[in-house]
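These notes are about the structure you will find just below.
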Amino acid sequence: MKNILYILLISLVAFSSCNKALETDSTRVVGEKNAWNTVEDARSGILGVYALTRAALSDNNGHWIYGDVRTAEFLSPKRQDLKAVIGNNLNASYPVLESLSDWTRFYAIVNGANVFLENIQHVKDTDKRYTANNMTVDIAQARFLRAFAYFYMVRIWGDVPFITSSDEGNFTNKPRESQARILAWAEQEMLKAAADLPFIYSAGDVQQPSDYYNENSTRWGGALATKNTAYAILAHLAAWNGDYTNVSKYAKFVEDNYSKSGGGFTSSTDLSNSNGFFYNKNTRQMFGFNSDYGHVDGSSTGHIEELTLAEPVTTKSVPDIYLPKDSILKYFNVAKDQRFAVDTLGQARYDGRYFSNLNGKYPIFSKIKVIQGGGTDPNFRYFTSALIFTRLEDIVLLRAEALSVLGDQNGALNELISVVSRRYDDGWSIDTTDMIKTIFEERHRELLGEGSRWYDLIRYNKIKQNDAKFMNLINSGGIYWPVSRKLISQNSLLTQNAYWR
C-alpha cells in the first residue's frame with residue numbers, strides 16, 4: 001500500500017519533468033496548465049514533495065545504512081552487501097550499494113519542489129479558495145524541503161549537480177557543483193523558509209491562522225516542517241560546516257521556542273515503547289516522516305526494524321544487523337542508565353528497551369519496534385515506525401557540542417545535563433575531563449539507530465584530529481559514497497569521488 005501511495009504522489013509532483021535525470025519520459029505531467037488549477041492540486045503537490053523525501057530516505061533502508069551501518073559498529077551475520085558497507089567496500093557489485101550510490105531519488109525531491117514553486121501561482125490565480133497565506137506557507141515548505149534534499153546529498157557525496165528550476169536544460173550534462181556553494185545557498189534558503197513557516201499548523205499561529213487545508217492541528221502535528229524544524233536543520237547544516245557560532249545560535253532558537261510547536265523532551269520509556277515516540281506522528285518529532293497504521297501506511301521494508309529485529313521480538317531467525325554484546329556493554333557502561341544497563345550480577349536492567357536477547361548469539365537492537373499499530377505480536381513483520389531526522393534531545397546535544405568547541409564548558413555541561421538528567425536514575429555523574437568526548441558518547445547512546453552516528457563521527461574527528469586513520473578518510477574524501485557508475489556512464493561531465501577512482 002505504501003509503495004502504491006508513493007507512486008500516486010510521485011505522479012502528482014512531476015516526477016517525470018527532469019527527463020534523463022529520473023529516467024522517465026519528458027511528459028511534464030504536472031507542468032501542464034490543467035494540473036495547477038485548484039486548491040486540491042496545491043495540496044497534492046506539496047504533500048507529494050514530502051512523500052518523495054520520505055521515499056528517498058527510506059529506499060533500501062538508506063537512511064540507516066548511510067548513518068548507522070557504515071560506522072562498522074553494527075555487524076551483519078549473513079548479508080554480504082551490508083558486510084561490504086561495514087568494511088567500507090562501497091564499490092562492491094551489489095544492487096543495494098549501486099542503488100545507494102545513485103542520487104536520482106533525491107533529485108526527484110528537488111524537481112518536485114521546483115515544479116511546485118514554478119506552478120503554484122497559477123493555483124492562486126485560478127482558485128479563490130487558495131489564499132495568499134496558504135501559498136506563502138506552501139512555498140516555504142517547498143523551499144525548505146528542496147534545501148534539505150541538497151544538504152542530505154552533500155553529506156553523502158560531497159559535490160553534487162546544482163539545479164534550482166525544472167527547465168535548466170539537460171540534467172545529465174550538468175557537472176558537480178562545490179558543496180560549499182550548495183550549502184551556502186541551502187542555508188539562505190532555509191532561513192528564508194523559516195521566516196514564513198509557522199510554529200504550528202491549524203492552531204491559530206500568526207503565520208498560519210486558519211485550518212490548513214481544512215484539517216485540524218492533530219492531522220498536521222509532526223507531519224509538516226515548522227519554524228522550529230527549519231532552525232533545527234540549520235543547526236545541523238552549520239555543524240557540518242564547522243560553523244559552531246551559528247550552531248549555537250540556531251539550536252538556541254529551537255530551545256527557546258520548541259513548546260510553540262508542541263515539542264518537548266521524551267522519556268526513556270516512551271522513547272522505546274512500541275506505541276511511544278516512534279509510533280505514528282506526534283509534535284515531539286521535530287522533523288520526521290511518519291507511517292500511519294490507521295491509513296494502512298506501513299510495510300515490511302523501509303523501516304529500521306527490517307534490519308534490526310529478529311527473535312524474540314519477531315519470528316525472523318537472524319537479524320540483518322546487530323550490536324555485539326561487548327560493544328553494548330562498552331557503550332552503555334553506566335549502571336543507572338534507563339535505556340540499558342546491567343546490574344552487579346551481569347543481568348540486563350530494562351530488558352527490551354534498547355536491547356533484547358543480550359545473552360543470545362545475536363543481541364537484538366529493539367529501541368525502535370513499531371510492529372503493525374504499535375503491537376507486540378512477534379508473528380507480524382509489518383512496520384509503521386516514523387523515520388526521525390531530528391528531535392529536541394538531538395538539538396540540545398548539538399548545542400552542547402557547539403558551546404564546548406567555542407570554549408564555554410559550563411554552558412556545554414548545562415546543555416548536557418538537560419538531556420542526561422532524563423536518562424539516568426538518581427546518583428549519576430558526568431565526566432567533565434573531556435567534554436567533547438563525553439558529549440559525543442551521550443549522542444551515541446541517545447541517537448543510536450536514528451541515522452546520525454556516521455556524521456557524528458566525522459564531526460568528532462574533525463574536532464579532535466587524533467585518529468590518523470579516520471583523518472586520512474576525511475582528507476582523502478573517503479567519508480563520501482562513490483557516485484553511481486550508471487550515472488557517470490550517462491554523463492561525461494560527472495567525475496567520480498577521488499577516493500573511489
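Small disclaimer: the values here were computed from a predicted structure and weren't measured.
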Checklist entry - Are more than 12 heavy atoms from other residues, nucleotides or ligands located less than 6.0 Å from atom CG of Asn475? => result yes
Next on the checklist: With heavy-atom distances below 4.5 Å as the criterion, would you say the side chains of Asp205 and Lys260 are in contact?
Outcome noted: no
Checklist outcome for this item: In short, Leu197 meets Thr226 closest at the heavy-atom pair CD1-O, 3.6 Å
Item to check | Full working for side chain to side chain donor-acceptor pair (under 3.5 Å) between Gln141 and Tyr50 | outcome: CA-CA 9 Å; Gln141 291 174 82; Tyr50 279 99; 2.6 Å; yes
Item to check | Nearest-0.5 Å distance, OG of residue Ser268 to CZ of residue Arg339 | outcome: 6.5 Å
Checklist entry - Counting N and O atoms only, with roles assigned by atom type, does the side chain of Ser58 sit under 3.5 Å from a partner on the main chain of Asn61, one being a donor and the other an acceptor? => result no
Checklist entry - Residues in side chain to side chain donor-acceptor pair (under 3.5 Å) with Thr53, at least two apart? => result none
Checklist entry - Are the charged groups of Glu446 and Arg443 less than 4.0 angstrom apart, N to O? => result no
Checklist outcome for this item: Which of Tyr152, Phe148, Phe151, Tyr150 passes ring pair (Phe, Tyr, Trp, His ring centres under 6.0 Å) with Phe106? Answer is Tyr152
Checklist entry - Between Arg70 (side chain) and Asn88 (backbone), is there a donor-acceptor pair under 3.5 Å? => result no
Checklist entry - Donor-acceptor pair, Arg105 side chain versus Ser99 backbone, under 3.5 Å? => result yes
Next on the checklist: Going by side chain to side chain contact (heavy atoms under 4.5 Å, CB included), name the residues that satisfy it together with Asn246, two or more places apart in sequence or in a different chain.
Outcome noted: Glu187, Ala238, Asp243, Lys249, Tyr250
Checklist entry - If you draw the axis of the six-membered ring of Trp240, does the NZ or CZ of Lys462 fall within 45° of it and under 6.0 Å from the ring centre? => result yes
Checklist entry - Roughly how far, to the nearest 0.5 Å, is the CE atom of Met435 from the CD atom of Gln409? => result 6.0 Å
Checklist entry - Run the ring pair (Phe, Tyr, Trp, His ring centres under 6.0 Å) check on Phe470 and Trp454 step by step: do they pass? => result CA-CA 11 Å; Phe470 207 104; Trp454 176 248; 5.6 Å; yes
Checklist outcome for this item: Applying side chain to side chain donor-acceptor pair (under 3.5 Å) to Glu415 and not counting sequence neighbours gives Arg399
Checklist entry - For atom NZ of Lys437, is the number of surrounding heavy atoms from other residues, nucleotides or ligands below 6.0 Å larger than 12? => result no
Checklist entry - Quick one: does Trp157's side chain have a donor or acceptor within less than 3.5 Å of a partner on Pro482's backbone? => result yes
Next on the checklist: Quick check: closest heavy atoms across Leu457 and Asn461, and the distance to 0.1 Å?
Outcome noted: O-ND2, 2.8 Å
Item to check | Intermediate values then yes/no, salt bridge (charged side-chain N to carboxylate O under 4.0 Å, His left out), Arg422 and Glu393 | outcome: CA-CA 10 Å; Arg422 294 172 167 85; Glu393 291 84 354; over 6 Å; no
Item to check | Close side-chain approach of Lys325 to Asn359, heavy-atom, < 4.5 Å | outcome: yes
Item to check | His63 side chain to Leu57 backbone, donor-acceptor under 3.5 Å | outcome: no
Next on the checklist: Looking at every non-hydrogen atom in both residues, tell me the closest pair between Ile368 and Gly449 and how far apart they are.
Outcome noted: CD1-O, 3.7 Å
Checklist outcome for this item: By side chain to side chain donor-acceptor pair (under 3.5 Å), Arg284 pairs with (sequence neighbours left out) Thr266, Asp270
Item to check | Donor-acceptor contact present, side-chain Tyr231 to main-chain Leu191, <3.5 Å | outcome: no
Checklist entry - Would you call Ser101 and Leu90 a side-chain contact if the rule is heavy atoms closer than 4.5 Å? => result no
Item to check | His236 ring center near Tyr455 ring center (under 6.0 Å) | outcome: no
Checklist entry - Considering only heavy atoms from C-beta outward, does the side chain of Lys369 approach that of Ile364 to under 4.5 Å? => result no
Checklist entry - Which heavy-atom pair separates Ser366 from Phe355 by the least distance, and what is that distance? => result OG-C, 3.4 Å
Checklist entry - Side-chain contact, heavy-atom cut-off 4.5 Å: Lys367 with Arg353? => result no
Item to check | Check: Asn228 side chain, Asn257 main-chain N or O, donor-acceptor pair, under 3.5 Å | outcome: yes
Checklist entry - Any chance the side chains of Thr390 and Asp394 put a donor and an acceptor closer than 3.5 Å? => result yes
Checklist entry - Roughly how far, to the nearest 0.5 Å, is CG of Leu97 from CD1 of Ile65? => result 8.0 Å
Next on the checklist: Working to the nearest 0.5 angstrom, can you tell me the gap between Arg453 CZ and Leu448 CG?
Outcome noted: 8.5 Å
Next on the checklist: Applying salt bridge (charged side-chain N to carboxylate O under 4.0 Å, His left out) to Asp59 and Arg54, what does each step give before you reach the verdict?
Outcome noted: CA-CA 8 Å; Asp59 184 56; Arg54 175 66 167 92; over 6 Å; no
Checklist entry - Which pair of non-hydrogen atoms, one from Gly451 and one from Asp68, has the smallest distance, and what is that distance? => result N-OD2, 2.9 Å
Checklist entry - Between CZ of Phe278 and OG1 of Thr384, what distance do you get to the nearest 0.5 Å? => result 13.0 Å
Checklist entry - Is there a side-chain contact between Met286 and Val254 (heavy atoms, below 4.5 Å)? => result yes
Checklist entry - Are Asp467 and Lys469 ion-paired here, with the side-chain N under 4.0 Å from a carboxylate O? => result no
Item to check | From CA spacing to verdict: ring pair (Phe, Tyr, Trp, His ring centres under 6.0 Å), Phe340, Tyr350 | outcome: CA-CA 6 Å; Phe340 177 83; Tyr350 311 114; 9.0 Å; no
Checklist entry - Are the side chains of Val110 and Asn114 in touch, meaning some heavy atoms are under 4.5 Å apart? => result yes
Checklist entry - Thinking salt bridges, do Lys252 and Asp256 make one under a 4.0 Å N-O criterion? => result yes
Checklist entry - Within the distance-only criterion (no hydrogens, no angle test), does the side chain of Asp431 pair as donor or acceptor with the backbone N or O of Thr433 below 3.5 angstrom? => result yes
Item to check | Sequence neighbours excluded - ring pair (Phe, Tyr, Trp, His ring centres under 6.0 Å) pairs with any residue from residues 477-501 | outcome: Tyr66-Trp481
Checklist entry - Which word best sums up how the rings of Phe199 and Phe253 line up, parallel for under 30°, tilted for 30 to 60°, or perpendicular for over 60°? => result parallel
Item to check | Qualifying residues under side chain to side chain contact (heavy atoms under 4.5 Å, CB included), relative to Asp320, sequence neighbours excluded | outcome: Arg79, Leu82, Leu307, Lys316
Item to check | Sidechain-backbone polar pair: Asp408 side chain, Leu403 backbone, donor-acceptor under 3.5 Å | outcome: no
Next on the checklist: Main chain of Tyr424, side chain of Lys336: is a donor-acceptor contact present, judged purely on distance under 3.5 Å?
Outcome noted: no
Item to check | Pair Glu401-Tyr244, side-chain donor/acceptor within less than 3.5 Å | outcome: yes
Checklist entry - Can you name the nearest heavy-atom pair linking Val318 to Ala310, along with the distance? => result C-CB, 3.8 Å
Checklist entry - What do the steps show when you test Glu442 against Arg423 for salt bridge (charged side-chain N to carboxylate O under 4.0 Å, His left out), and what is the final call? => result CA-CA 10 Å; Glu442 190 56 40; Arg423 295 290 178 258; 5.9 Å; no
Checklist entry - Going by an N to O cut-off under 4.0 Å, is there a salt bridge joining Lys486 and Asp102? => result yes
Checklist outcome for this item: The reported gap from CD in Glu189 to OG1 in Thr164 (rounded to nearest 0.5 angstrom) is 8.5 Å
